[in-house]
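Here's the structure, in structure tokens; my notes come after.
Positions are given from 1, in the same order as the sequence printed here.
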Amino acid sequence: MNIRQSLLEMIKAFPGGWDAMCGALGMNRIALQNRIYECKGMDVGVNTALLMQEFSGTTLFAEAVAAQSGGTFVKLPQIDAVGNEEISEKFHEAMETLGKLSIEYRDAVKDGEVNSRERERLNAIIDQMHMTLNQIMALTVKVYCRETAAKGGDE
């Protein structure tokens with residue numbers, strides 16, 4: 001999904017669609033359309049896109065920016081009371097995902113070629129692994145790093 005598509009999807013996700021998003025942003029529909037479709041030299045600024053993301057309750061803009069930058073957006077878990085049990089569960093998830101990757105990889109290369117569909121499936125599993133590993137680290141910091149825990153874990 002590119003950035004323009006993410007903006008359009010955020011408008012769809014916002015209750016009331018275009019008119020409600022325009023009202024929330026304090027602009028009329030033509031002004032928002034001109035920005036989204038880059039008419040008359042206008043564009044949607046980062047702050048406006050972030051507001052749209054917040055209003056829509058999505059992470060679509062962050063995901064689009066990460067994808068355009070060659071990466072993947074990883075939303076960290078919102079868990080208030082975490083401990084070693086939650087971290088251990090994430091490790092189990094990572095190991096399960098690694099097993100899926102191993103099976104998918106074996107199947108993808110057995111004919112000596114990885115086609116676009118197989119590559120897409122491998123990338124999806126790897127993205128899931130990255131997300132789970134980042135969650136493990138975030139939970140570890142939240143539970144076991146004293147300075148971060150004392151500040152409320154938002155470092």
Side-chain angles (χ1 to χ4, degrees), residues 1-82 86-87 89-94 96-98 100-101 104-105 108 113-145 147-155:
M1 174 180 305
N2 65 37
I3 291 179
R4 179 177 295 142
Q5 289 169 325
S6 75
L7 297 170
L8 293 169
E9 289 300 316
M10 288 188 293
I11 291 169
K12 285 182 193 173
F14 190 61
W18 277 92
D19 293 333
M21 183 63 80
C22 291
L25 293 171
M27 62 179 76
N28 65 39
R29 187 177 180 131
I30 292 173
L32 183 56
Q33 285 175 328
N34 284 343
R35 285 169 175 78
I36 289 177
Y37 294 106
E38 298 176 355
C39 299
K40 301 179 182 180
M42 303 175 100
D43 65 5
V44 176
V46 172
N47 289 333
T48 301
L50 288 171
L51 276 174
M52 291 173 69
Q53 179 174 264
E54 182 180 339
F55 294 156
S56 68
T58 69
T59 57
L60 294 169
F61 177 66
E63 292 170 25
V65 169
Q68 185 171 326
S69 304
T72 302
F73 174 73
V74 177
K75 185 170 174 76
L76 298 176
Q78 298 293 323
I79 302 174
D80 293 327
V82 295
E86 288 80 10
I87 296 170
E89 182 60 32
K90 287 293 175 185
F91 270 109
H92 289 290
E93 283 180 37
E96 288 172 13
T97 305
L98 182 59
K100 289 177 188 173
L101 178 61
E104 196 68 39
Y105 177 83
E113 182 180 349
V114 176
N115 64 36
S116 61
R117 193 181 96 254
E118 292 166 331
R119 189 176 71 211
E120 205 172 283
R121 288 198 320 244
L122 289 169
N123 279 330
I125 295 170
I126 289 169
D127 288 347
Q128 179 63 40
M129 286 188 69
H130 286 157
M131 183 177 72
T132 303
L133 293 172
N134 280 323
Q135 289 173 340
I136 289 169
M137 191 61 211
L139 292 171
T140 300
V141 167
K142 189 169 188 170
V143 172
Y144 294 107
C145 293
E147 316 86 46
T148 304
K151 292 179 184 177
D154 292 335
E155 211 171 60

Restricting to non-hydrogen atoms, name the atom on [X] and the atom on [Y] that form the minimum distance, rounded to 0.1 Å.
| X | Y | value |
| --- | --- | --- |
| E118 | E113 | OE1-O, 3.3 Å |
| V114 | A108 | CG2-O, 4.0 Å |
| M10 | M52 | SD-C, 3.8 Å |

Would you be so kind as to tabulate the donor-acceptor pairs closer than 3.5 Å made by side chains of residues 24-31, with sequence neighbours excluded?
unit_1	atom_1	unit_2	atom_2	d
N28	OD1	I30	N	3.1
N28	OD1	A31	N	2.7

Under the side chain to side chain donor-acceptor pair (under 3.5 Å) test, which residues partner Q53, sequence neighbours left out?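 In terms of side chain to side chain donor-acceptor pair (under 3.5 Å), with neighbours along the sequence ignored, Q53 is linked to no residue.
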Sequence neighbours left out, cut at 3.5 Å: what donor-acceptor pairs do the side chains of residues 36-51 make with other protein atoms?
none

Does some side-chain heavy atom of L32 sit less than 4.5 Å from a side-chain heavy atom of I11?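 Side-chain contact under 4.5 Å: yes.
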Table please: side-chain donor-acceptor pairs of residues 12-19 below 3.5 Å, with sequence neighbours left out.
unit_1	atom_1	unit_2	atom_2	d
K12	NZ	E9	OE2	3.2

Neighbour count above 12 (heavy atom, 6.0 Å) for F55 CZ: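 Yes - once you tally the heavy atoms of other residues, nucleotides and ligands closer than 6.0 Å, there are more than 12.
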Atom CD of E93 and atom CG of L133: how far apart are they, to the nearest 0.5 Å?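 One gets 10.5 Å once the value is rounded to the nearest 0.5 Å.
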Roughly how far, to the nearest 0.5 Å, is the CD atom of Q68 from the CG atom of N2?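 Separation between the atoms: 7.5 Å.
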From CA spacing to verdict: side-chain contact (heavy atoms from CB on, under 4.5 Å), F73, V65: CA-CA 8 Å; F73 174 73; V65 169; over 6 Å; no
Can you give the donor-acceptor pairs under 3.5 Å from side chains of residues 121-131 to other protein atoms, not counting sequence neighbours?
unit_1	atom_1	unit_2	atom_2	d
R121	NE	E104	OE2	2.5
R121	NH2	E104	OE2	2.5
N123	ND2	R119	O	3.4
D127	OD1	T72	OG1	3.2
Q128	NE2	T132	OG1	3.3

Contact list for residues 52-67, test salt bridge (Lys or Arg N to Asp or Glu O under 4.0 Å), sequence neighbours left out: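 Sorted pair list comes back empty.
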